[in-house]
Protein chains: 2
Amino acid sequence: MTTELETRIRDAGLRVTGQRLAVLEALEGFPHADADAVNRRVQASLPGFSLQATYVVLNALTGAGLLRRIEPAGSPARYERRVDDNHHHVVCTGCGAVEDVDCVHGAAPCLAPSSTGGFTISTAEVTFWGLCPDCQARSQHPITDTQAE
Amino acid sequence: MTTELETRIRDAGLRVTGQRLAVLEALEGFPHADADAVNRRVQASLPGFSLQATYVVLNALTGAGLLRRIEPAGSPARYERRVDDNHHHVVCTGCGAVEDVDCVHGAAPCLAPSSTGGFTISTAEVTFWGLCPDCQARSQHPITDTQAE
DNA sequence: CTGATATTTATGAATCATTCATAAATAGCC
DNA sequence: GGCTATTTATGAATGATTCATAAATATCAG
């Protein structure tokens with residue numbers, strides 16, 4: 001039995017391994033996880049899977065186009081399965097939570113900066129910064145709130 | 001004699017020191033420099049100015065709003081004097097060169113994502129990725145080109 | 001199915017960017 | 001000119017990530 005995921009890995013020119021399958025599966029239900037979070041998730045099924053090995057796998061999958069890596073300022077790199085569309089991200093300035101944001105503009109106006117100084121633009125990356133619902137609530141009820149340490 | 005720069009530092013609530021003046025002056029003519037580049041530039045006038053001290057000064061100035069820090073994926077943090085407008089950046093995927101880009105959209109459409117998942121958006125950061133003129137030239141003449149190591 | 005080989009993983013050390021702790025120096029006020 | 005809080009200097013520490021090398025394994029040829 002060859003799964004959809006196995007085919008996808010092979011089609012990307014990579015060998016199919018348990019580690020790669022496990023990493024992709026971990027990110028399926030847990031987008032925007034960093035290497036450490038991916039590692040801890042995968043360890044459930046592959047005890048002894050080290051953080052360094054996680055980086056090797058994440059880099060291979062990212063290089064093959066099976067994962068997308070985002071690097072918001074101030075947080076370690078995060079990875080996601082959603083690679084085939086041009087979406088952006090909101091990052092919470094309070095807790096670092098990340099969510100996807102579909103660009104509202106059909107014509108991708110963000111791809112047309114005014115002056116590019118001679119640069120040939122290939123992609124535009126938009127990061128929105130703000131407060132997630134949880135952090136909004138926290139900032140409105142600072143007294144009754146018990147903040148986790 | 002009190003210079004413009006000294007006033008600006010004092011008005012930001014900071015004490016005026018030679019290190020802070022030197023860092024601001026270094027970034028005046030050399031925007032988007034990273035900590036190491038700033039340090040090397042300042043050492044010309046302040047021999048013995050360490051990288052760690054550079055970080056302390058950069059953080060103080062950034063915290064006081066006198067500098068803006070940008071952190072493009074894959075490169076160390078960079079600093080610039082231009083803090084009072086909402087401009088964006090182009091980063092060269094070949095060599096990492098950074099240039100300013102004024103947002104072409106008067107109404108800042110990038111600040112209005114379609115769905116924010118409950119987030120309250122405060123700022124939008126746009127990073128354009130592409131090839132700088134030098135790297136374009138290099139990729140068109142790969143044979144005759146001598147690449148620096 | 002079996003072996004050969006290139007790819008992948010595991011492990012520990014190394015690197016890079018940055019921060020922290022503490023002691024010495026100094027800016028700005030009295 | 002001295003006092004004190006702020007700032008700087010120094011060395012060590014941290015966090016994220018990569019590197020080097022050896023062991024394991026996926027895939028292919030026969």
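Below, read A as the first sequence line, B as the second, and so on, with proteins coming before strands; counting in each chain starts at 1. Just the heavy atoms: all of them, side chains too, but no hydrogens, waters or symmetry mates, feed the values below.
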Looking across every strand, which nucleic acid part, if any, lies under 4.0 Å from B:Ala77 by heavy atom: base, sugar-phosphate, or nothing?
sugar-phosphate

When you get a sec, tell me which of C:dT19, C:dG28, D:dT18 is the closest nucleotide to the side chain of B:Val16?
C:dG28

Rounded to whole Å, the CG-P distance (B:Leu46 to C:dA25) equals 17 Å

Do the charged groups of B:Asp102 and B:Arg82 touch, with an N to O distance under 4.0 Å?
yes

Any B:Arg20 side-chain nitrogen or oxygen under 4.0 Å from OP1 or OP2 of C:dA27:
no

Please tell me if B:Thr17 has a side-chain N or O lying less than 4.0 Å from either OP1 or OP2 of D:dT8.
yes

Using atom CD of B:Glu71 as one end and atom C1' of C:dC16 as the other, report the distance to the nearest whole Å.
14 Å

DNA chain C nearest-nucleotide lookup for B:Val56 and B:Leu14: closer to the 5′ end is B:Val56

Would you mind telling me which of B:Val16, B:Leu21, B:Thr17 makes a side-chain contact (heavy atoms from CB on, under 4.5 Å) with B:Gln19?
B:Thr17

Without decimals, in angstroms, what is the distance between A:Leu21 CG and C:dT8 P?
13 Å

Do A:His88 and A:Glu99 get their side chains close enough for a donor-acceptor pair, meaning under 3.5 Å?
no

Students often get this wrong, so: under 4.0 angstrom with heavy atoms, is A:Arg69 touching a base, only sugar-phosphate, or nothing?
nothing

Does D:dT18 have OP1 or OP2 under 4.0 Å away from a side-chain N or O of A:Asn59?
yes

B:Leu66 CG to D:dT7 P, in whole Å, measures 12 Å

Between D:dT17, D:dA26, D:dT10, which one does the side chain of B:Gln52 approach most closely?
D:dT10

B:Ser75 and B:Arg78: which non-hydrogen atoms are nearest, and at how many Å?
OG-NE, 3.4 Å

Do B:Glu125 and A:Thr127 get their side chains close enough for a donor-acceptor pair, meaning under 3.5 Å?
no

If you only use heavy atoms from C-beta on, which nucleotide in D:dT8, C:dT9, D:dA16 is closest to the side chain of A:Val57?
C:dT9

OP1 or OP2 of D:dT17 less than 4.0 angstrom from a side-chain nitrogen or oxygen of A:Tyr55, does that happen here?
yes

In whole Å, I'd like the distance from the CD1 atom of B:Ile9 to the P atom of D:dT6.
17 Å

Between CG of B:Leu51 and C1' of C:dC20 the distance, given in whole Å, is 14 Å

Has B:Gln19 got a side-chain N or O lying under 4.0 Å from the OP1 or OP2 atom of D:dA9?
yes

Would you kindly give the CG-to-C1' distance between B:Asp36 and C:dC16, to the nearest whole Å?
11 Å

note: A:Asp11, atom CG; D:dA26, atom C1'; distance rounded to Å ~ 16 Å

Shortest side-chain distance from A:Arg10, nucleotide among D:dT27, D:dT10, D:dA5:
D:dT27

Non-hydrogen atoms of A:Ala124 and A:Asn86 that approach each other most closely
O-OD1, 4.1 Å

Which of these nucleotides, D:dA16, C:dT18, C:dA27, is closest to any side-chain atom of B:Arg15?
C:dA27

